[in-house]
Amino acid sequence: MTHLELTGVSIDFPTPKGAFRALDNVNLKIARGEFISLIGHSGCGKSTVLNIVAGLYQASTGGVVLDGREVREPGPERAVVFQNHSLLPWLSAYQNVELAVKQVFRGTRSKAEMKDWIEHNLALVHMDHAMHKRPDEISGGMKQRVGIARALAMEPKVLLMDEPFGALDALTRAHLQDSLMEIQATLNNTVIMITHDVDEAVLLSDRIVMMTNGPAATVGEILPIELERPRDRIALADDARYNHYRHEVLSFLYEKQRHPVESGTSEAKKSKVAQDLQGNKTTEADDKAARAA
Amino acid sequence: MSTLNLSGRLPARDELPALLADMARTLMVPLIGLLVFLFAWHIAARNIDTSLGQFPGPVQVYEQSVNLVAEHNRERAKEAAFIERQEKRNAEKLAKDPTAEVRIRDYTGKPTFFDQIGTSLVTVMSGFVLASLLAIPVGILIGLNATLHAALNPLVQLFKPVSPLAWLPLVTMVVSALYVSDDPLFAKSFLTSLFTVTLCCLWPTLINTAVGVSGISQDLKNVSQVLRLSFLTHVVKIAIPAALPAMFTGLRLSLGIAWMVLIAAEMLAQNPGLGKFVWDEFQNGSSESLGRIMVAVLVIGLIGFLLDRAMLVLQKSISWDKNAVLR
């Protein structure tokens, strides 16, 4: 059964030159408990897809349906882990999670239950030892852990992660990827994660959704990753299937969708949105691939 | 030796020059600046002759400050004696006839310099608190709502540069017309000064709060949206803490302006404060007047400085960002 469905999602941003089509006809069906990665070049509209699912942007045409209900606005059942943690700097880790928990469970859980639940989620991301520290007192990786704890504590139907580990060093990132796999194995959340990292995508995902370059970006190919869980990064490093999947993603990114040429025209610079999303025109082959998908 | 021995041990011989240089920087330089100023003042004052006699130099100003303290003490002694006499008289009256009506009169001696400082502080804080209570909520609303900002910004820009002296006649007339009471709780001159202060010191707090609130990062706004925070929770948990540093910048500017405006307002509204003290001394025109005005000038400057320091202490105690350098 389809849990989350994107049907014919397109979005236009207004620019001085007229509407700029950032996404064109994105179709995607996601089952409950599935881990999906969105991968593609910078500015291809991955974040836009995520923001539409989150409800922060509204699709110009098409729409998103979660469990039979259309997504119209942001809400805690689609929790977002932002790229730069987005913790409130004046609240401690505990208070940041508390804000979310109070908002979601007010009226349904007692104070003591909420306290336990906050501490449980911070323990889940291994942050129980520093839960009363403020964001400026902890490292980048720890902040991101708190961000994940905050999202998990909302008991979301879908966890949306916008390059959650993008700003972290490689070792911290590996730690957090392992934590995330652990958590996902326990909670069986549906996850949509944006990433630039091919290894991360193959290691974590059930399916990798590869996006074509913008403007009018869409789903290029979808690659199912049929590696049994739990996955071990060291064992997989020497695994032929793992390397095959990596090769598939790399060839999509660097052969079929070469890195977009930066557009230097002055008109393009007038609109920040347009500029951010500027890229190469998609080829016909990619459109076919999208339709096939 | 005690000032040098900060670390609790005797400094090694080779550390001494560095320590002395440090002390020179922190203590000697401001001291030299002060001495040079006093000397220049002394010389300049000797060469200025006014119709009220020679312009007061540092020595005369010191003498007048001693005088003002003495006057204050004399006045207090008189007041204590008055109250004592009254109590004694009333006690005697009651001893003769327990049903006798006893009248208690307030002492009506003239306010001393220190009484006037007190009045000025009460007036400035009332005006400042009233202005803050108006400016902070309006600033938050303007910062959150672009339409409201567009609607109110021209008005803010229009009224911001208006001098207190221009407001004062209007405020005086409005207070006289609207504040009609047989047993007034506040003197009209107090209210006139208060509202003039409020009107003039409203703007920095309002503008800075609005700027602080509108500068909340998109990430935090997204968090608020995903959590579906109510308007009130958004304001309390996100808008106010995010705007706090800018808000305090505004509050400190406002308090500075309030203190400056107050002196002018008191002078013209005849509110019994430092402004009135300066005005009365000027009208009095004795040979001591200029010296006493100069004492007032220095006290006004010192109080303004202390008010700003007090705000800084408040800001430091409230600020969530303990790494921020506040000065």
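Just so you know, these numbers use all the heavy atoms, side chains as well, and skip hydrogens, waters and symmetry mates. Per chain, numbering begins at 1; letters A, B, ... match sequence-line order.
Residue pairs that meet the salt bridge (charged side-chain N to carboxylate O under 4.0 Å, His left out) test with at least one member in residues 33-46 of chain A, sequence neighbours left out, are A:Glu34-A:Arg207. Within the structure, salt bridge (charged side-chain N to carboxylate O under 4.0 Å, His left out) contacts touching residues 224-247 of chain B (residues at least two apart or in different chains) are A:Glu73-B:Arg228.
Among residues 89-125 of chain A, the residues having any heavy atom closer than 4.5 Å to a heavy atom of chain B are, in sequence order, A:Pro89, A:Trp90, A:Leu99, A:Ala100, A:Gln103. When the heavy atoms of residues 55-64 of chain A are compared with those of chain B, the residues falling under 4.5 Å are A:Leu56, listed by number.
Both the backbone and the side chain of B:Ile238 come within less than 4.5 Å of a heavy atom in chain A. For A:Asn51, no part sits under 4.5 Å from any heavy atom of chain B, backbone or side chain. Proximity to chain A is limited to the backbone of B:Ser230, based on heavy atoms less than 4.5 angstrom apart. Heavy atoms of A:Glu77 lying under 4.5 Å from chain B belong exclusively to its side chain.
Rounded to the nearest 0.5 Å, atoms CH2 (B:Trp320) and CG (A:Asp136) are 8.0 Å apart. Atom CD of residue B:Gln218 and atom OG of residue A:Ser86 lie 10.0 Å apart, to the nearest 0.5 angstrom. One distance of note links OG of B:Ser224 with CG of A:Leu88; it measures 9.0 Å at 0.5 Å rounding.
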Query raised in the report: So A:Met154 and B:Leu227, side chain to side chain contact (heavy atoms under 4.5 Å, CB included) or not? Walk me through it.
Result: CA-CA 9 Å; A:Met154 300 181 214; B:Leu227 290 175; 3.4 Å; yes
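Looking at every heavy atom in both residues, B:Leu220 comes nearest to A:Leu87 through CD2-O, 3.9 Å.
Crowding of A:Lys133 atom NZ: a count of heavy atoms from other residues, nucleotides or ligands under 6.0 Å not exceeding 12.
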